[in-house]
Participant: 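Have a look at this one before I ask anything.
Computed from a predicted model, the values in this text were never measured in an experiment.
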Amino acid sequence: MFESLSDKFSGVIGDLGKRGTLTEADVAEAMREVRLAMLEADVALPVVKDFVNKVKERSVGAEVLESISPGQAVAKIVNDALIDALGGAGAVPLNLNAAPPVPILMVGLQGSGKTTTSGKIALRLATRERKKVLLASLDTQRPAAQLQLQQLAERAKVASLPIIAGQTPVEIANRAMETARREGYDVVILDTAGRLSIDEALMDEVRQIRDVTHPAETLLVVDAMTGQDAVNTAKLFNEAVGVSGVVMTRMDGDARGGAALSMRAITGAPIKLTGSGEKLDALEEFHPERVAGRILGLGDIAGLVEKAADTLDQEEGERLAKKMMAGKFDLDDYVSQIKQIQKMGSISGILGMLPGMGKMKDMVDEKKLDTTIFKKHQAIISSMTKAERKTPDIIKASRKKRIAAGSGTTVQEVNKLLKQFDDMSTMMKRVNKLGLKGLMRQASALMSGGGMPGGPGGFPGGPGGRPPFG
C-alpha cells in the first residue's frame, strides 16, 4: 500500500545520506520532494504542511547540520514525524474496560467491509482474549445482511443473535443487549446498516442505537482504497455520532497510503485495527512506529515475529527442528517446512517486513517464485513413494524418470531438488556433529582467516594444532 511513498522517502533520505555535510538549502530541497511525494500519495494538505514544517524545523538545528552523519539524523527526524502523523508510538487497544456485556458499535458506509470486519473482531476477541462474543446484525436495509453475519459467526465459532423479521434496528439492539446480559456474554458486536453515502437518516439511526446501548467503542470501518474520501467519511461520522477508533480495510491493496497518514490528524480518532484480505484472521493491530518503519524501508521485525507466532505451528516447528538437529530430516519433513513458510503469506510481503529489503521484494516475481519453487517441489515429492521420501539415496535414474513424469517436471529439476536436499542434510549433520558452539567457532576462525581451529588451516592434530579429539 505504501510502496510509492516508501520509494520516494527512501530516495530522499538516501540522497541526504550521501552528503558529508548538510546545508539549510539541502534540507529545503529534500522537503520539497517529501511534500510532493505526500501530496501524490493523497495525504491531506494540512497534514503535509504540518509534517514538512516539523521536519524542516528539527532538521536545520545545529546538532543535525554539524552531525557526523546528518543523513541518519534527518532519517530519525522523518521517522519520528511519521510516527506522530500516524498517531504516536504504540497500538491503541480496543476498550473493553466496562461491565459486561461490553457493546461495540460498528459503523461505516456500505461496501467498506463492515460486516466482515465485525466477524474478524469477534474471532480475535474469542481466540486471543478468550471472550464470549455475541454478534448482532442491525442492518435491515441490505438484503441478506443478517444472514451474512450469521454465517460469519459460524465460521468464527461465536454466537449470533437469532433473526426476527420485522424488528427495527433499535429493537434488535435492545434484544441483543438483553440476550447478552441474560446468557452471560462478555462482548456484543452490533453491526449497523451502511449507506452508499452519508445522509441524515443513517446518522439518526446510528445515534438512536448509540443512545440505547451506550457502546464502549464506536468503530468506524473505512476502505483504505478510497483514499481521501475515507478521511472525509471519518470526519463526518465523528462529527455526527462520535468515533472512538477507526478500522482500515484493504490495507493489502495498491492505495497510495494517504488516508492512513491523514486519519488521526483530521479526525482525532486513532486507527486501531487494519484488515488485509477476506480471511477472518486477516486483522492486525495498527502500530504507527511499524508502519513508519516500513515506509522508510526500516522493516517491521516485531510484526514479522508476531505473524510467525500467530500462523506457525509451534509443535510442528519444534518437531522439525529436533529432526534436523539429529540429522534425520527427510523429504516429508521438507514438505512440512514448505507448508509452514506458505502459512506466513506471500514472499514479497515477508521481504517487505525485513529491514533494507524493500527494493529486493520488487525484484521477486511472486507468481514465478511460488509456482516454480515451492509448488514444484511439493509436486515432485508427492510423486515419490514413501520409501523414496524417507531415503532419497535410493532414487536412481529410472526412479527419477518416473518421478519427473508423475510431477510434470524434468529429470534435471528432480536432480536439483535432490541436490538441494542433500546439501541441507549435510549441513544438518555437521551441526549435529560439532554442536552449535563448534560450528560458530569454525565460522569465526574462517572469517578471521585462520582456517579450521586446531592445526595448519586449523585441522585437529596437525602441526601446531590440538591433538585429535583434544
Participant: Between atom CG of L236 and atom CE of M203, what is the distance when rounded to the nearest 0.5 Å?
Facilitator: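 Spacing of CG (L236) from CE (M203) equals 6.5 Å.
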
Participant: Side chains of R142 and T115: does their closest heavy-atom pair fall under 4.5 Å?
Facilitator: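 Yes; the side chains approach each other to less than 4.5 Å.
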
Participant: Working to the nearest 0.5 Å, report the span between CG of L96 and NZ of K131.
Facilitator: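 NZ of K131 is found 6.0 Å from CG of L96.
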
Participant: Please lay out, stage by stage, how E29 and R32 fare under the test salt bridge (charged side-chain N to carboxylate O under 4.0 Å, His left out).
Facilitator: CA-CA 5 Å; E29 177 61 31; R32 272 195 292 275; 2.6 Å; yes

Participant: Could you measure the distance from the CE atom of M31 to the CD atom of E57? Nearest 0.5 Å is fine.
Facilitator: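 The CD atom of E57 is 13.0 Å from CE of M31, to the nearest 0.5 Å.
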
Participant: Could you report the tightest heavy-atom contact between S118 and L149, atom names first, then the distance?
Facilitator: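 That closest heavy-atom pairing would be CB-CD1, 4.0 Å.
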
Participant: If you compare all heavy atoms of R181 against all heavy atoms of P101, which two are closest, and at what distance to 0.1 Å?
Facilitator: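 Reported closest heavy-atom pair: CG-CD, 3.5 Å.
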
Participant: Give the C-alpha distance, both sets of side-chain angles, the deciding distance and a yes or no for side-chain contact (heavy atoms from CB on, under 4.5 Å) between I121 and I189.
Facilitator: CA-CA 8 Å; I121 292 174; I189 298 175; 3.9 Å; yes

Participant: Closer than 4.0 angstrom, basic N to acidic O: yes or no for D211 and R207?
Facilitator: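 No, no charged N to carboxylate O under 4.0 Å.
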
Participant: Is it true that a side-chain atom of R35 and a backbone atom of V52 form a donor plus acceptor pair closer than 3.5 Å?
Facilitator: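 Such a contact is absent between R35 side chain and V52 backbone.
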
Participant: Compare all side-chain heavy atoms of F51 with those of L82 and state whether any distance is below 4.5 angstrom.
Facilitator: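 When only atoms from C-beta onward are counted, L82 and F51 do touch, with a gap below 4.5 Å.
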
Participant: Got a donor-acceptor contact below 3.5 angstrom from the S244 side chain to the T218 backbone?
Facilitator: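 Confirmed, S244 side chain pairs with T218 backbone.
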
Participant: Taking all atoms of both residues into account, what is the closest heavy-atom pair of P270 and R264, and its distance?
Facilitator: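 Shortest heavy-atom separation between P270 and R264 comes out as CB-NH1, 3.3 Å.
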
Participant: Can you find a heavy atom in the side chain of Q141 that is under 4.5 Å from one in the side chain of Q110?
Facilitator: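 No, side chains not in contact.
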
Participant: Walk me through it: do R182 and T179 pass the test side-chain contact (heavy atoms from CB on, under 4.5 Å)?
Facilitator: CA-CA 5 Å; R182 186 174 63 251; T179 302; 3.8 Å; yes

Participant: Is there a side-chain contact between I172 and Q146 in this structure, where contact means two heavy atoms from C-beta onward sitting under 4.5 Å apart?
Facilitator: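 A side-chain contact under 4.5 Å exists here.
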
Participant: Which heavy atom of A136 sits nearest to which heavy atom of A176, and what is that distance?
Facilitator: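 For A136 and A176, the tightest heavy-atom pair comes out as CB-CB, 3.8 Å.
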
Participant: Does any N or O in the side chain of S112 come within less than 3.5 Å of the main-chain N or O of L109, such that one atom is a donor and the other an acceptor?
Facilitator: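 Yes, because the side chain of S112 sits within donor-acceptor range (under 3.5 Å) of the backbone of L109.
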
Participant: Consider only side-chain N and O atoms of R175 and Q167, and report whether a donor and an acceptor are under 3.5 Å apart.
Facilitator: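 On atom types as modelled, these side chains qualify, holding a pair under 3.5 Å.
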
Participant: Is a side-chain N or O of N53 found less than 3.5 angstrom from the main chain of K49, in a donor-acceptor match?
Facilitator: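 Yes: the side chain of N53 pairs with the backbone of K49.
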
Participant: One thing to verify: whether E413 and K416 come together as a salt bridge, which I'm taking to mean a side-chain N less than 4.0 angstrom from a carboxylate O.
Facilitator: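 So K416 does not pair with E413 through a salt bridge.
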
Participant: Heavy-atom count check: over 12 atoms from other residues, nucleotides or ligands less than 6.0 Å from K235 NZ?
Facilitator: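 It does not: K235 NZ has 12 such atoms or fewer within range.
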
Participant: Nearest 0.5 angstrom please: L147 CG to I163 CD1, how far?
Facilitator: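 So the gap between those two atoms works out to 5.5 Å.
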
Participant: Is the backbone N or O of G90 less than 3.5 Å from a side-chain atom of E289, with the two atoms forming a donor-acceptor pair by type?
Facilitator: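 A pair under 3.5 Å: yes.
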
Participant: Do L202 and F237 pass the side-chain contact (heavy atoms from CB on, under 4.5 Å) test, and can you show the C-alpha distance, the side-chain angles, and the key distance before you say yes or no?
Facilitator: CA-CA 10 Å; L202 169 66; F237 263 100; 3.9 Å; yes

Participant: Evaluate L273 against E285 for side-chain contact (heavy atoms from CB on, under 4.5 Å), listing each step before the verdict.
Facilitator: CA-CA 5 Å; L273 298 163; E285 287 184 328; 4.2 Å; yes

Participant: Between atom OG1 of T274 and atom CG of L283, what is the distance when rounded to the nearest 0.5 Å?
Facilitator: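 Answer rounded to 0.5 Å: 6.5 Å.
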
Participant: Are the side chain of T192 and the backbone of M106 linked by a donor-acceptor contact shorter than 3.5 Å?
Facilitator: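 Indeed, once roles are kept as given, a pair shorter than 3.5 Å links the two residues.
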
Participant: Please determine which of T168, V170, T213 meets the side chain to side chain contact (heavy atoms under 4.5 Å, CB included) test together with Q208.
Facilitator: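 Between Q208 and the candidates, side chain to side chain contact (heavy atoms under 4.5 Å, CB included) is satisfied uniquely by V170.
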
Participant: Would you say the side chain of K114 lies within less than 4.5 Å of the side chain of T249, judging by non-hydrogen atoms?
Facilitator: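 No, side chains not in contact.
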
Participant: Any donor and acceptor pair, going by atom type alone, linking the side chain of R389 with main-chain N or O of M384 inside 3.5 Å?
Facilitator: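 Side chain of R389 to backbone of M384: a pair is present.
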
Participant: If we ignore hydrogens and angles and just use 3.5 Å, is the side chain of S262 paired with the main-chain N or O of A44 as donor and acceptor?
Facilitator: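 The answer is yes, because a donor-acceptor pair under 3.5 Å joins these two groups.
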
Participant: Determine whether a donor-acceptor pair (N or O, by modelled atom type, separation under 3.5 Å) exists between the side chain of K120 and the backbone of A282.
Facilitator: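 A pair under 3.5 Å: yes.
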
Participant: For the residue pair D186 and E129, establish whether any side-chain heavy-atom pair is separated by less than 4.5 Å.
Facilitator: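 Of all side-chain heavy-atom pairs linking E129 with D186, none is under 4.5 Å.
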
Participant: Donor-acceptor pair, N238 side chain versus T267 backbone, under 3.5 Å?
Facilitator: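 Pair found, side chain donor or acceptor close to backbone of T267.
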
Participant: Any side-chain heavy atom of Q150 sitting closer than 4.5 Å to one from S137?
Facilitator: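 No - every pair of side-chain heavy atoms lies 4.5 Å or more apart.
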
Participant: I want to check something: taking the side chain as every heavy atom from C-beta on, are L94 and L125 in contact at a cut-off of under 4.5 Å?
Facilitator: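 A side-chain contact exists here, since the closest heavy-atom pair is under 4.5 Å.
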
Participant: Over all heavy atoms of both residues, which pair between D223 and G111 is shortest? Give the atoms and the distance, please.
Facilitator: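 Closest pair (atom of D223, atom of G111, distance): OD2-O, 4.4 Å.
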
Participant: Of all heavy-atom pairs between P93 and A91, which one has the smallest distance, and what is that distance?
Facilitator: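 Closest approach of P93 to A91, heavy atoms only: CD-O, 3.4 Å.
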
Participant: Could you tell me the separation between the CG atom of L190 and the CG atom of D139, rounded to the nearest 0.5 Å?
Facilitator: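 Reported value, rounded in 0.5 Å steps: 12.5 Å.
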
